[in-house]
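Okay, so here's the structure we're looking at.
Because only heavy atoms are used, hydrogens play no part in the values below, and waters and symmetry mates are left out as well, while side chains stay in.
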Amino acid sequence: MFEFKKTSHLQRRRIFLRVLVAGLFVLACFAILGWRLWQLQVVRYEGLAARADRNRIAVVPIAPRRGEITDRNGVVLARNYRDYTLSVVPAQVQGDMQEMLDALGEVVYLSPTDRRRFRQGLNQSGRYSSVPLRNSLNETEASWFAGNSYRFPGVELSARWVREYPHGESAAHVLGYVGRISEADIERLEENGELGNYRGTQVIGKKGIEKTWERELHGRTGIEEVEVTATGRPVRTLRRTDPVPGANLRLSLDIGLQKEAERQFEGKRGALVAIEPKTGEVLAFVSAPSFDPNLFIDGIDVESWKALNESPDHPLINRPLYGTYPIGSTYKPFVALAALEMGKRDPAQRFPDPGYFELGGQRFRNAGSVAYGPTNMHRAIVVSSDTYFYSLGPEIGVNALHDFSKQFGFGQQTGIDLDGERRGVLPSTEWKRQAYKKPEQQRWYAGETVSVAVGQGYNAFTLLQLAQATAVLANGGAYMKPHLVSLVRNSRTGEVRPTVTAPSHVIDLKPDNVAIIHRAMEDVIASGTARRAFQGATYRAAGKTGTAQVFSLRGAKYDARAVSERLRDHALFMAFAPVEDPQIALALIVENGGWGSTAAAPVARSVFDYWLSPSRVDERQQQAHAALAASADEDAPVEAGESPDAAVRPEDLPEELREDSARPLSDINGEQP
């Protein structure tokens with residue numbers, strides 16, 4: 001019995017120890033659990049709560065509506081419309097991607113191009129990024145997918161704003177286009193701190209106004225906070241910040257005038273810029289041939305890109321902005337004005353013109369082998385006497401001519417609101433020292449000044465620069481910066497902001513000297529090289545024809561019929577009208593067109609006739625009054641054998657300009673500088 005009691009005591013002791021150890025273990029576990037709960041609930045609360053919200057709340061960006069672009073009369077040039085798009089989040093796709101695409105293709109048509117672009121997007125995006133699959137679904141296709149969406153997890157149907165250019169190729173180089181955001185665009189946006197504002201946006205301005213005014217046109221992205229289930233299904237919207245639409249832009253362009261000018265360039269290559277001198281507003285901006293910007297919105301297809309990129313006519317090049325040309329005799333009015341302002345020559349002084357100018361044993365000949373005899377400045381501009389201006393070059397000097405012409409915008413960026421503007425070349429001795437490496441090439445020769453004085457030689461200007469210089473000359477020296485966007489309208493407040501309101505600078509010119517040049521340019525049209533193109537005009541215009549050499553003749557006589565079409569001379573013309581109150585100034589070039597009097601001047605005549613017709617003037621006045629109220633509320637050709645730029649023979653001149661000593665030099669081969 002004693003043994004039984006002893007054994008019972010030991011068992012109770014062992015049980016007690018076990019219970020004690022178990023109790024301590026349980027307490028320890030609860031202590032650890034409590035410590036962990038304290039860590040999660042107190043110490044790490046803020047971070048874990050944010051993570052939980054991110055799992056529970058999906059932040060969906062809402063792309064803003066891009067601002068519209070209209071012409072000066074309110075005609076829409078770039079607008080938006082809504083369509084449906086399919087996109088895929090790769091991480092949410094269940095099963096094989098190719099099998100999913102094949103099954104989806106039975107519900108919604110997927111072209112080979114759609115599939116190729118999607119695969120490219122997959123390679124460029126992360127697994128959790130939304131990759132576009134198919135755009136421009138119609139209502140039927142969208143409803144078919146909506147009814148079968150449960151079969152395709154990870155595939156999303158959404159509405160989007162799509163850009164459209166209703167006038168197609170018209171003003172394409174002005175408007176530019178939008179395109180899909182590339183890696184380079186993302187890097188640039190990130191550097192500028194703007195990437196967050198492009199969440200949910202698929203396109204960005206690539207060229208033209210669309211690119212230059214991207215910040216104003218894009219607007220501000222909105223957000224929507226949506227509570228979702230563990231599988232990503234939306235439950236309710238918690239908070240929404242509406243997007244801010246982009247600003248609407250009103251261009252100075254007149255689409256009617258633009259199309260009339262473009263019509264004159266059908267089948268030709270060239271450029272034209274028309275400017276309102278008093279304001280600097282660009283009325284027409286033509287680069288021919290053009291292209292359809294609608295091709296680029298969702299990514300241009302290979303065939304269309306190849307056709308545009310490999311065309312010998314280079315339709316993608318913005319000729320007025322990027323092309324540089326010697327401007328020939330259209331430079332002469334500015335050279336003459338420089339001589340007057342510097343006191344280098346009296347306008348009444350007659351200079352002998354035997355048909356050539358000789359310097360250092362080299363003869364520089366008149367175009368067309370024509371001799372004009374004793375010639376004053378007025379007559380030299382009217383008949384386009386090269387000899388007169390050859391002689392002016394050394395008298396003025398290349399550096400003085402550079403400094404004077406620079407004020408008009410030659411060889412300078414005008415500051416127009418388009419990207420890619422070239423500076424061109426306004427030569428000087430300093431320019432040549434910097435342009436060439438070898439000492440013998442850096443030297444400036446007197447004969448080079450002779451060529452520069454008639455718009456040839458090293459001169460290389462854009463058509464925009466020539467048009468701007470013409471506008472400044474018409475405006476008496478007041479330099480209004482050329483611009484295409486005249487008004488920016490805030491889409492939220494309705495506030496309207498003008499872009500250019502005052503001259504950038506005013507050239508100190510003597511009014512009498514300007515009047516001398518204006519009268520000579522007026523006679524160019526009344527009785528000079530452009531007389532045939534402007535016969536019967538109901539307005540007084542002033543202008544100057546020009547012909548620019550494309551390649552060196554090396555002493556040979558120029559014969560257009562014997563030269564390849566793309567090696568023929570360029571035809572140029574600059575003018576403004578009406579003379580008494582200039583409302584439009586323009587410059588144009590017809591590439592390889594030949595003589596400025598026959599190929600270029602008739603184009604200007606058509607543009608002037610359209611813009612200055614009485615009905616158009618009345619219509620513009622009515623539109624101006626309407627716009628003010630709205631703001632308050634809210635030709636015959638020249639015969640063969642005539643010279644290119646000096647198309648007036650002495651016997652054809654009016655009596656007051658005719659000289660008995662003028663004679664054709666039939667024994668001298670005509671050679672352009």
Side-chain angles (χ1 to χ4, degrees), residues 328-360 362-397 400-401 404 446-447 449-456 509-531 542-546 642-643 645-668 670-673:
S329 295
T330 57
Y331 196 39
K332 290 176 181 176
F334 303 97
V335 176
L337 184 58
L340 292 175
E341 288 293 321
M342 298 175 192
K344 297 296 183 181
R345 189 170 293 182
D346 187 285
Q349 177 186 353
R350 297 190 177 189
F351 189 89
D353 180 357
Y356 61 85
F357 174 75
E358 190 165 352
L359 179 69
Q362 181 180 1
R363 284 187 174 183
F364 299 84
R365 306 180 190 277
N366 277 345
S369 302
V370 180
Y372 292 103
T375 304
N376 61 19
M377 182 176 288
H378 180 94
R379 185 165 180 265
I381 294 175
V382 173
V383 301
S384 199
S385 167
D386 287 334
T387 296
Y388 184 91
F389 287 93
Y390 287 148
S391 66
L392 268 184
E395 291 184 27
I396 298 174
L401 185 58
F404 180 81
T449 305
V450 173
S451 295
V452 164
V454 293
Q456 294 280 171
L509 300 174
K510 296 178 181 178
D512 290 345
N513 292 338
V514 174
I516 290 172
I517 303 302
H518 282 192
R519 284 196 296 270
M521 292 174 63
E522 185 177 359
D523 277 349
V524 168
I525 286 180
S527 57
T529 55
R531 70 193 187 283
K544 184 71 189 79
T545 56
E642 290 194 2
S643 62
D645 195 28
V648 180
R649 297 272 177 183
E651 59 268 23
D652 294 332
L653 291 172
E655 189 67 33
E656 64 272 15
L657 294 176
R658 188 179 304 163
E659 296 291 340
D660 294 336
S661 58
R663 61 182 178 86
L665 298 183
S666 56
D667 56 330
I668 299 177
E671 179 181 1
Q672 289 182 290

Rounded at 0.5 Å granularity, tell me how far [atom1] in [X] sits from [atom2] in [Y].
X	Y	atom1	atom2	result
Arg363	Thr387	CZ	OG1	10.5 Å
Tyr372	Ser384	OH	OG	7.5 Å
Phe404	Phe334	CZ	CZ	9.0 Å
Gln349	Thr375	CD	OG1	11.5 Å
Glu522	Ser527	CD	OG	9.5 Å
Arg345	Leu340	CZ	CG	10.0 Å

Which heavy atom of [X] sits nearest a heavy atom of [Y], and at what distance?
X	Y	result
His378	Asp523	NE2-OD2, 2.7 Å
Thr330	Pro333	O-CD, 3.4 Å
Ile381	Ile517	CD1-CD1, 4.0 Å
Ile525	Gly543	CD1-N, 3.6 Å
Gly393	Ala453	CA-CB, 3.7 Å
Val370	Asn366	O-ND2, 2.6 Å

Do [X] side-chain atoms and [Y] backbone N/O form a donor-acceptor pair below 3.5 Å?
X	Y	answer
Ser451	Thr449	no
Thr529	Val383	no
Glu341	Leu509	no
Tyr390	Arg365	yes
Asn376	Arg379	yes

Phe357/Val454 under side-chain contact (heavy atoms from CB on, under 4.5 Å): CA gap, chis, key distance, verdict:
CA-CA 12 Å; Phe357 174 75; Val454 293; over 6 Å; no
If you define the side chain from C-beta out and look only at heavy atoms, does anything of Gln362 sit under 4.5 Å from Leu359?
no
Do Asp386 and Ser329 make a side-chain contact, defined as non-hydrogen atoms from C-beta onward lying under 4.5 Å apart?
yes
So, Ser385 versus Lys332: side-chain donor-acceptor pair below 3.5 Å or not?
no
Can you tell me how the ring of Tyr388 sits relative to the ring of Phe351, calling it parallel under 30°, perpendicular over 60° and tilted otherwise?
perpendicular
